[in-house]
Amino acid sequence: MNLAREDAFLIKGWKTIFWGKSNWVNLALLSVAVPGLAFLAVMICQFTRYSLQMDFSAYYSAGASLNRGLSPYVNNYAANPPIWDGVSFYKTSRFLYFPLVGNFFQLFALLPYWLAKTIWALFNLAALVYALYCAARMVGGNPQKRGRLFLISVIGLCLFFPTYTYFERGQIDAITMLLMVKGIEHLIKDQPQKSGVFFALAMLIKINIIVLLPVFLISKYRKALPIMMLMAVIFCGLTLALNRWEVVKQYAISDFPRILKYNELGPKEEIIAESERIMVNNGYELSRPIIQGVGYDLQYLSFNGGSALSRLPWISTINERLTRSGMPLGNLVINAILYFLSAALCIWLIRTRKVLQRLDGEYLLWGLILTLILLISPLTWVMNLVWLGVLLPVIGIEFIQLDQSSTKQGFAKWIQFLGLIPGVVGWLFIALPEVWLLPPGSLVANGLVLFKNQIGLFLLLVWLAVSINLKNLKLDHPERHIPSILKENTL
C-alpha cells in the first residue's frame with residue numbers, strides 16, 4: 001500500500017498530461033493514427049497496382065518453379081512457358097532462402113500475380129501492425145497505456161520511410177519481425193519452449209538471425225535450445241518430404257555456397273544476354289517488366305538501399321583486397337568477425353551488467369540485439385529496417401520514465417535524457433527520405449546521405465547501450481519498471 005501511495009505521488013509531469021484519463025488524448029492519437037494508416041494503405045494499393053515489387057517477384061517465381069518440378073534457385077526463363085521474375089539477369093535466380101520457404105510460396109504461385117502480391121501486402125501489413133501491438137503490450141502498463149503506446153507506434157510506423165520502401169519491394173521482414181517479437185515475449189514471460197518455436201521459424205526465413213544463437217547459451221534462455229533443435233529436424237524432414245532430392249542436394253552442394261559468395265548475383269559467365277531477356281519480356285524494355293501480360297514499374301520509389309556496416313568504404317576496401325589476394329570468401333570472413341564481436345558484446349552485457357535481472361532491461365537488450373543484426377548483416381537494405389518498429393514503444397516509455405524517477409536519481413535521469421537524444425536523432429535519421437534529410441551537392445552531404453542508415457543504426461545502439469547500463473543505477477523500487485505483461489506472472 002505504501003508503494004502504491006509513493007507511486008501515485010511520483011506520477012506527475014508528462015505522465016499526468018499524456019497518460020491521463022482525458023479522452024482528448026485518445027482522440028488526438030486516433031486522429032493521427034487512422035489517417036496515417038489510411039495513407040499507408042493507399043500507398044500499398046499504388047505499389048501493388050503499379051510496382052513490380054521485385055522481392056516478391058523472386059518469391060513468386062520460386063514458388064512457380066517448384067509447382068512445375070523445377071529448381072527455385074535456377075532462373076527458369078527458358079522454360080515453356082517461361083518463369084520470369086522481371087529482374088534477374090543471371091542464369092541463377094534471386095531466391096536466397098531455404099527450399100522450405102519456397103514451398104510456402106507455392107500457394108501464392110497458384111494465384112495470378114496481381115492477386116498474389118495484393119494478398120501478400122495485406123498479410124504483411126497485418127503482421128506489422130500486430131507485431132507493434134505485441135511490443136506495446138510488453139512495455140506498456142495498464143490497458144490504456146498499452147493502447148496509447150500502440151497508437152504512437154502506428155503513427156511512427158506510418159512516418160517511417162523504410163516502411164514504404166518495404167511494401168514497394170514486397171519484402172518478408174514483417175513476418176520475421178512478428179515471429180521474433182513473439183519469441184521475445186515468451187522469453188520474457190519465462191516460456192522458453194514456446195519462444196524456441198518462434199525463433200526457429202524466424203531463422204528458417206532469415207538465416208542471418210543465426211547470430212542470436214550465442215545468446216541462447218545463457219542459462220535463462222538455454223531451455224529454448226532443445227525445441228529449436230527439434231524444429232530444425234522437423235524443417236529438414238519437411239524439406240525432404242516436399243522437394244525432389246535433386247533440388248535439395250543441389251542446394252546443399254552448389255546453391256547455398258553460391259548464395260554465400262554472390263548473394264543474389266552470380267559469376268560473370270552466368271549473365272544472360274540482354275536480347276534474351278528482352279525476348280522473355282515480350283519485346284518490351286527491361287525497365288518495364290511484363291508479368292503475366294501486365295506491365296509494372298521496376299522501381300516505384302527511388303532510394304539508397306544499402307544499410308549494412310559492410311558497405312562502409314573502409315570495410316568494402318578490405319573485402320576487395322581479400323578477394324584480390326585469392327580469398328574469394330573475404331566478405332564472409334569480415335561478416336564472421338562482426339558476428340563474433342556482436343555476440344561477445346551481448347554476452348558481456350548479460351554477464352557483467354546483469355541486465356537480465358531487470359525485466360525492462362531485458363527488452364532493451366533484445367532491441368539492441370535486433371539493431372546489431374541489422375547493422376552487421378551483409379544483406380541489410382533500407383526496407384529491412386522495419387524491424388526497428390519494435391523500438392517505438394520503448395522510446396515512448398523511456399520518455400515517460402524520465403519523469404517517474406525519484407529525486408535521488410537526478411544524475412541518472414539526466415544521463416537517461418542525454419542517452420535518449422541519440423536514439424531519437426538516429427530514428428529520425430533513418431525515418432526521413434534522403435531528399436528530405438540533406439540537400440545534395442557537397443561531398444559531406446552526399447556522404448551523410450549515402451550512409452545515413454548506418455549512422456542512424458549506430459546512434460540507436462548508443463542510446464540502447466546507455467539505457468541498458470543505466471538500469472544498474474535504478475536501485476530503488478525496481479518493480480516500478482516491470483512491464484505489465486509480467487505482473488500477472490510475477491506479483
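If you read the sequence from its start, that first residue is 1, and numbering goes on from there.
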So which heavy atom on [X] is nearest to which on [Y], and how close?
X    : Y    : result
P393 : L149 : O-CD2, 3.8 Å
L204 : F98  : O-CD1, 3.1 Å
T239 : L100 : OG1-CB, 3.7 Å
Q53  : Y113 : O-OH, 3.8 Å
P422 : V462 : CG-CG1, 4.0 Å
L187 : P192 : CD2-CA, 4.2 Å

Would you call [X] and [Y] a side-chain contact if the rule is heavy atoms closer than 4.5 Å?
X    : Y    : value
I259 : T92  : no
V181 : F198 : no
L213 : I210 : yes
L392 : I152 : no
L428 : V425 : no
S195 : K182 : no
D55  : R94  : yes
K117 : F47  : no

Would [X] and [Y] count as a close aromatic pair, with their ring centres under 6.0 Å?
X    : Y    : result
F256 : Y251 : yes
F160 : Y164 : no
Y50  : Y296 : no
F161 : W427 : no
F199 : F216 : yes

Any donor-acceptor pair under 3.5 Å from [X] side chain to [Y] backbone:
X    : Y    : result
T163 : L157 : yes
T48  : I44  : yes
Y221 : V215 : no
K452 : I430 : yes
S377 : L374 : no
S88  : S93  : no
K91  : E270 : no

Distance check, rounded to the nearest 0.5 Å: [X] atom [atom1] versus [Y] atom [atom2]?
X    : Y    : atom1 : atom2 : value
K206 : D173 : NZ    : CG    : 4.0 Å
I172 : N384 : CD1   : CG    : 11.0 Å
F167 : S51  : CZ    : OG    : 13.0 Å
T380 : L457 : OG1   : CG    : 8.0 Å
D255 : L260 : CG    : CG    : 11.0 Å
I455 : L460 : CD1   : CG    : 12.0 Å

task: Sort out for me which residue in F123, F95, W120, Y97 forms a ring pair (Phe, Tyr, Trp, His ring centres under 6.0 Å) with F105.
output: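 Running ring pair (Phe, Tyr, Trp, His ring centres under 6.0 Å) over F123, F95, W120, Y97 with F105 returns exactly one hit, W120.
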field: Polar contact flag, side-chain donor to acceptor under 3.5 angstrom, Y59-D85
entry: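 No, no side-chain donor-acceptor contact under 3.5 Å.
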message: Evaluate M228 against M203 for side-chain contact (heavy atoms from CB on, under 4.5 Å), listing each step before the verdict.
response: CA-CA 10 Å; M228 293 170 71; M203 291 180 190; 3.4 Å; yes
field: Audit row: Q191, E185, side-chain contact (heavy atoms from CB on, under 4.5 Å) steps and yes/no
entry: CA-CA 9 Å; Q191 299 172 344; E185 181 178 346; over 6 Å; no
field: Intermediate values then yes/no, salt bridge (charged side-chain N to carboxylate O under 4.0 Å, His left out), R288 and E285
entry: CA-CA 6 Å; R288 183 73 175 170; E285 290 294 326; over 6 Å; no
- request: Tell me, yes or no, whether the heavy-atom count around Y133 atom OH, taken from other residues, nucleotides or ligands under 6.0 Å, exceeds 12.
  value: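 It does not: Y133 OH has 12 such atoms or fewer within range.
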message: How about CD on E269, more than 12 heavy atoms from neighbouring residues, nucleotides or ligands closer than 6.0 Å, or not?
response: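 Atom CD in E269 is packed in, count exceeds 12.
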query: After noting the C-alpha distance and the side-chain angles of I373 and I369, does the key distance pass the side-chain contact (heavy atoms from CB on, under 4.5 Å) rule?
result: CA-CA 6 Å; I373 294 175; I369 291 172; 4.2 Å; yes
- prompt: Could you go step by step and tell me if Y60 and F108 meet the ring pair (Phe, Tyr, Trp, His ring centres under 6.0 Å) rule?
  reply: CA-CA 7 Å; Y60 185 89; F108 287 88; 8.5 Å; no
field: Audit row: E168, D297, side-chain contact (heavy atoms from CB on, under 4.5 Å) steps and yes/no
entry: CA-CA 10 Å; E168 193 268 348; D297 294 331; over 6 Å; no
query: Where do T176 and W387 land on the side-chain hydrogen bond (donor to acceptor under 3.5 Å, both in side chains) test, with the steps shown first?
result: CA-CA 9 Å; T176 56; W387 277 9; 3.1 Å; yes
